[in-house]
Amino acid sequence: MPTSIPVLIDTDPGVDDALALALALASPELSVRAVTTVAGNVDLATATANAAYLLRILAPDREIRLAQGFAQPLARELVTAEEVHGSDGLAGITSHDRWRRSSTESLDVPADAVDVIIEEVGTSAEPVTVIALGPLTNVAAALRRDLSAMRRAAAIVVMGGSLHAGGNVTPHAEFNFYVDPEAADLVLASGLPVIVTPLDVTHQLAVSDETVESRLLSLADPRGAFLGELIRRARAEQFTGRGGKLLLHDPAAVGTMLWPELFTMESHHLTVDCGDGDPRGAMRPTTDDDAGKGRTAAQVAVDVAADAVVSRIVERLVAGGDKSD
Ligand code: RIB
Ligand code: CA
């Protein structure tokens, strides 16, 4: 087995973030060094309480560093998505007696996520890949604070943006890029290797029927039962689904690291609209003359072998955490 890739996951859990975390933790190809939280789907306190809670359920025998970051975008008011993920950010599962979560969990989590990102990336012997599953506020702040340290990153893998698939929060913008367009544009202009998984791909990746939750709910271990109940609720409550479909946005970004051969990538110089008009947060390919401004091209997933990726994600979630790091 080749050595596993060290990763740091920055996240705003979030139903699909929870599935992405479960996927990463169940994948021997990846070594999760740290998890950092950012405000996005829900406020920072809820995202952080969820991350702590998820690590206990998904990786009960592992000590994974956790830190919380920005409660607001770099230059704007926070926009959240409780209507999609539920007020607890996890499709209401924490109101279920078996899955209760303390709402004060976040108080014990250090608030130094940006320093943690810089430290984990800047001091690791093997280059760390940053997997960004929420608004890019923490990652952009780390690039601003210590670009030379961040240049040691292997890549920044981002779930966000939309090339030709329209938006999911406005007709033009995907949620992560809409919430913090300045941060998204800064990351894309940073000169670091950036791999983007946009809605063009994630709209093709869905759990559409009850077979997945049934398989997970039939597992004896609490991890499987939790994931099954989470998917059941998310689909039933329509929190993140469209007509009972649960879109696998964040697991898709992890999937580009696990199964790159199943994704079609294109190279694009990208900008993000930082205005206040309708196109706020829209991701756009720029002409090559932007390349001269240090804006290196990002690798963008433009298509995917959807059935293969969904079934591999599901099999990984079902097989579960029987990997030792
Ligand atoms: O647009 C989808 C993205 O926004 C996902 O990361 C989802 O969790 C939300 O953060
Ligand atoms: Ca997310």
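Indexing begins at 1, ligand by ligand and atom by atom, following the structure's order.
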Under 4.0 Å from one or more heavy atoms of Met159, ligand 1 contributes atoms 2 (C), 3 (C), 5 (C), 6 (O)
May I ask you to decide whether Arg215 forms a salt bridge with Glu210, counting only side-chain N to carboxylate O separations under 4.0 Å? no
Under 4.0 Å from a heavy atom of Phe175: give me the atoms of ligand 1 that qualify, with their elements. 1 (O), 4 (O), 9 (C), 10 (O)
Quick one: which of Asp16, Val169, Leu248, Val15 has a heavy atom closest to atom 5 (C) of ligand 1? Asp16
Regarding Gln204 and Asp303, is there a side-chain donor-to-acceptor distance under 3.5 Å anywhere? yes
Does any N or O of ligand 1 fall below 3.5 Å from an N or O anywhere on His249, backbone included? no
To the nearest 10 degrees, how large is the angle at the Ca ion (ligand 2) between Asp12 OD1 and Asp250 OD2? 140°
Once rounded to 10°, what is the value of the angle centred on the Ca ion (ligand 2) between Leu133 O and Asp17 OD1? 140°
Can you tell me which residue and heavy atom of the protein come closest to atom 2 (C) of ligand 1, and the distance to 0.1 Å? Glu174 OE2, 3.4 Å
Just checking, is any N or O donor in the side chain of Arg295 or Thr286 under 3.5 Å from an acceptor N or O on the other one? no
Any Leu270 side-chain heavy atom under 4.5 Å of Val196 side chain: yes
Indicate whether the side chain of Asn41 and that of His85 have a donor and an acceptor atom separated by less than 3.5 Å. yes
Atom 6 (O) of ligand 1: the protein heavy-atom neighbour that sits closest, reported with distance to 0.1 Å: Asp250 OD1, 2.6 Å
Relative to the heavy atoms of Asp17, which atoms of ligand 1 are at a distance of less than 4.0 Å? 8 (O)
Under 4.0 Å from a heavy atom of Asp12: give me the atoms of ligand 1 that qualify, with their elements. 10 (O)
Would you say the side chain of Leu54 lies within less than 4.5 Å of the side chain of Phe226, judging by non-hydrogen atoms? yes
Using a strict 4.0 Å cut-off to heavy atoms of Asn168, name the atoms of ligand 1 that fall inside it. 1 (O), 2 (C)
Can Ser148 and Asp146 be counted as having a side-chain donor-acceptor contact under 3.5 angstrom? yes
Is any N or O atom of Pro135, backbone or side chain, closer than 3.5 Å to an N or O atom of ligand 1? no
Please state which protein non-hydrogen atom is closest to atom 9 (C) of ligand 1 and give its distance, to 0.1 Å? Asn41 OD1, 3.1 Å
Glu119/Arg65 ion pair, N-O < 4.0 Å: yes
Ion pair Arg280/Glu182, N-O distance below 4.0 Å: no
Minimum-distance protein heavy atom relative to atom 10 (O) of ligand 1: Asn176 OD1, 2.9 Å
